[in-house]
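Presented below is the structure to which this report refers.
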2 protein chains.
Amino acid sequence: MIRFFTSPENIRETSIELTSEDRLHLRSLRIRPSEEFIVCDGAGTDYVCKLKNGKNENKADFASTAVILRQEKTQSEPTTHCTLYIAYAKGDRLEYAVQKSVELGVTGIILFKSKRCIATFDNTNRKLERLQKIAHEAAKQSGRGIVPIVKNGGEYEEILNTAAIRDGFSILLYEDEKHLHIKQVLEAKPTFSQVAIISGPEGGFELDEIMQAREKGIHIASLGARILRSETAPVVALSVLMFHTDNL
Amino acid sequence: MIRFFTSPENIRETSIELTSEDRLHLRSLRIRPSEEFIVCDGAGTDYVCKLKNGKNENKADFASTAVILRQEKTQSEPTTHCTLYIAYAKGDRLEYAVQKSVELGVTGIILFKSKRCIATFDNTNRKLERLQKIAHEAAKQSGRGIVPIVKNGGEYEEILNTAAIRDGFSILLYEDEKHLHIKQVLEAKPTFSQVAIISGPEGGFELDEIMQAREKGIHIASLGARILRSETAPVVALSVLMFHTDNL
């Protein structure tokens with residue numbers, strides 16, 4: 001079914017105000033008055049709608065409001081909330097990681113700077129805007145009930161604190177970790193509804209950065225014997241997390 | 001450690017003949033004579049080498065052969081062999097799926113054409129050549145012991161037969177499968193060392209194509225409530241497969 005997000009102020013008791021963008025979207029899809037589509041409030045509620053179909057209406061009216069037929073909780077949101085922390089990387093790598101992790105069900109994405117980051121993150125607002133747009137598109141296309149927010153978390157130490165304190169259960173992906181695999185880390189934790197995944201830059205983490213994370217109680221985990229690219233690792237970690245928590 | 005592939009004919013008893021490409025590669029990396037590097041035969045054996053370091057040698061000699069210090073089985077190959085069948089897709093989507101699945105440990109990749117394929121696959125040889133190059137690079141970078149081969153499998157029905165007969169245990173990813181999730185399919189199979197994953201085109205599979213697969217004993221599995229893009233699905237499926245079989 002056709003599906004898009006709207007901001008809460010457009011939602012009335014029995015109808016939804018369609019923005020000009022929504023109208024163009026629906027027109028381009030040649031939607032028929034009889035056809036149902038979903039407008040999601042981005043807060044986990046889907047509104048199943050039809051276009052207002054009154055008498056002597058003109059084209060503009062025709063698509064200006066949608067009648068709410070019923071509302072239901074979005075079925076696609078995972079039961080486990082995962083915040084993904086990704087180190088700055090070249091544009092396309094970040095865009096890729098954002099798009100795929102939104103498809104996979106990430107709750108929020110926080111970017112950070114660690115020692116071996118080659119990529120800078122200037123024009124922060126423009127870059128965040130672009131990444132947020134990608135997150136929005138991915139959320140729409142994959143049928144998410146929310147649009148995950150992409151933020152800039154700044155320095156490595158800051159995000160370590162956020163992960164350790166706010167997310168609680170936190171896993172840092174480290175290619176040189178030889179003993180603990182992500183499976184063991186996940187299986188050692190009986191139940192959790194919130195988790196953080198921390199994924200490093202192309203050059204990886206430095207040893208003292210690993211120590212720093214350990215001191216804060218963050219679990220260091222390997223993703224196996226094959227070296228994954230910086231944009232692949234978070235997608236693989238999210239896949240196995242969703243699999244492990246029965247969200248896949 | 002620096003690592004690249006060579007073809008078996010370059011491997012002698014105690015030394016390895018370096019191609020001009022290898023020599024340029026090693027020079028560009030400013031490798032020192034004392035430094036060890038790995039030459040892999042692409043058949044699961046790593047040769048730990050050093051550059052030949054004789055007297056009064058000139059630059060050319062210097063890097064023309066590598067002395068084999070020891071050989072060992074490549075540690076990074078997964079114990080489960082997975083053949084990935086991917087439907088034709090636009091160039092970048094295929095390239096992405098090939099690169100990531102090689103990083104994840106796929107054994108071989110076979111492309112096919114199903115009813116809803118929009119992308120064609122003409123200039124087949126040129127395209128296969130390009131995809132093979134991407135597979136080679138990904139294998140080198142991720143530390144694989146083999147370079148997975150990318151082939152064109154032709155029509156959907158043909159690859160269904162190959163998967164059912166040659167691979168045995170086969171899983172087809174279907175977004176409209178509402179009951180059986182990939183976890184259930186994997187857990188229902190006690191042990192396996194060979195598996196096929198079949199991933200469809202952007203438009204998905206048609207119902208009669210699903211029936212066709214079922215008739216051949218291929219398992220139909222869902223990857224969860226969120227709709228994954230055609231290039232994301234195989235990467236997610238491989239991730240959970242490697243996780244499930246303790247290869248991650």
Side-chain angles (χ1 to χ4, degrees), chain A residues 1 3 73-79 92-93 96-97 99-106 137-146 173 175 178 181-187 202 221-248, chain B residues 1 3 73-79 92-93 96-97 99-106 137-146 173 175 178 181-187 202 221-248:
Chain A
M1 210 184 309
R3 176 186 181 86
K73 194 171 163 298
T74 313
Q75 294 305 309
S76 61
E77 282 305 302
T79 54
D92 55 340
R93 293 186 173 218
Y96 161 75
Q99 182 187 61
K100 302 310 176 201
S101 52
V102 169
E103 286 177 58
L104 274 159
V106 77
E137 279 312 305
K140 195 163 109 182
Q141 165 269 325
S142 59
R144 293 291 306 271
I146 64 160
L173 310 172
E175 67 183 52
K178 295 285 168 259
H181 287 248
I182 194 163
K183 193 173 205 172
Q184 295 158 287
V185 173
L186 289 171
E187 286 176 347
E202 285 153 69
S222 157
L223 278 180
R226 292 165 299 283
I227 297 148
L228 302 174
R229 293 162 64 101
S230 62
E231 78 275 18
T232 314
V235 177
V236 172
L238 261 167
S239 301
V240 305
L241 173 72
M242 292 299 165
F243 180 78
H244 177 77
T245 57
D246 297 324
N247 284 296
L248 209 69
Chain B
M1 208 183 309
R3 174 185 184 88
K73 193 170 165 300
T74 312
Q75 294 305 309
S76 61
E77 283 304 302
T79 53
D92 55 341
R93 292 186 173 217
Y96 161 76
Q99 181 187 62
K100 302 312 178 200
S101 52
V102 169
E103 286 177 58
L104 273 159
V106 77
E137 278 313 306
K140 195 163 109 180
Q141 165 269 324
S142 59
R144 293 290 306 271
I146 64 160
L173 310 173
E175 67 183 51
K178 294 285 168 256
H181 287 249
I182 193 162
K183 193 175 206 171
Q184 296 158 288
V185 173
L186 289 171
E187 285 175 347
E202 284 153 69
S222 156
L223 278 180
R226 292 166 299 283
I227 297 148
L228 301 175
R229 294 162 64 102
S230 63
E231 79 274 18
T232 314
V235 177
V236 173
L238 261 167
S239 301
V240 305
L241 172 73
M242 292 299 166
F243 180 78
H244 177 76
T245 57
D246 296 325
N247 283 298
L248 209 69

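Only this structure's heavy atoms are used, side chains among them; waters, hydrogens and symmetry mates stay out.
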Could you check which of [options] has the highest count of heavy-atom pairs closer than 4.5 Å to chain B?
options: A/M242, A/R226, A/E77; answer: A/R226
options: A/S142, A/G224, A/A225; answer: A/S142
options: A/V235, A/V240, A/N247; answer: A/V240

Can you tell which part of [X] gets under 4.5 Å to a heavy atom of chain B, answering side chain, backbone, both or neither?
X: A/Q141; answer: both
X: A/L186; answer: side chain
X: A/L238; answer: neither

(message) Can you confirm whether the side chains of B/T74 and B/R144 place a donor and an acceptor under 3.5 Å from each other?
(response)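 Judged by distance alone, the side chains do not pair up.
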(message) Main chain of A/G143, side chain of A/S76: is a donor-acceptor contact present, judged purely on distance under 3.5 Å?
(response)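 Confirmed, A/S76 side chain pairs with A/G143 backbone.
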(request) Locate the shortest heavy-atom distance separating B/T232 from A/E103; write the atom from each residue and the value. (result)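 Closest approach of B/T232 to A/E103: OG1-OE1, 2.9 Å.
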(message) One pair to check against side chain to side chain contact (heavy atoms under 4.5 Å, CB included): A/L248 and B/K183. What are the steps and the verdict?
(response) CA-CA 8 Å; A/L248 209 69; B/K183 193 175 206 171; over 6 Å; no
(request) Identify which of B/Q75, B/E175, B/Q99, B/R229 forms the greatest number of heavy-atom pairs closer than 4.5 Å to chain A. (result)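 Of the options given, most contacts go to B/R229.
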(request) Working to the nearest 0.5 Å, report the span between OG of B/S239 and CG of A/L241. (result)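 Between B/S239 OG and A/L241 CG, I get 12.0 Å after rounding to 0.5 Å.
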(message) Taking the basic N atoms (NZ, or NE/NH1/NH2) and the acidic carboxylate oxygens, is any pair closer than 4.0 Å for B/E231 and A/K100?
(response)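 Result for this pair is yes, salt bridge flagged.
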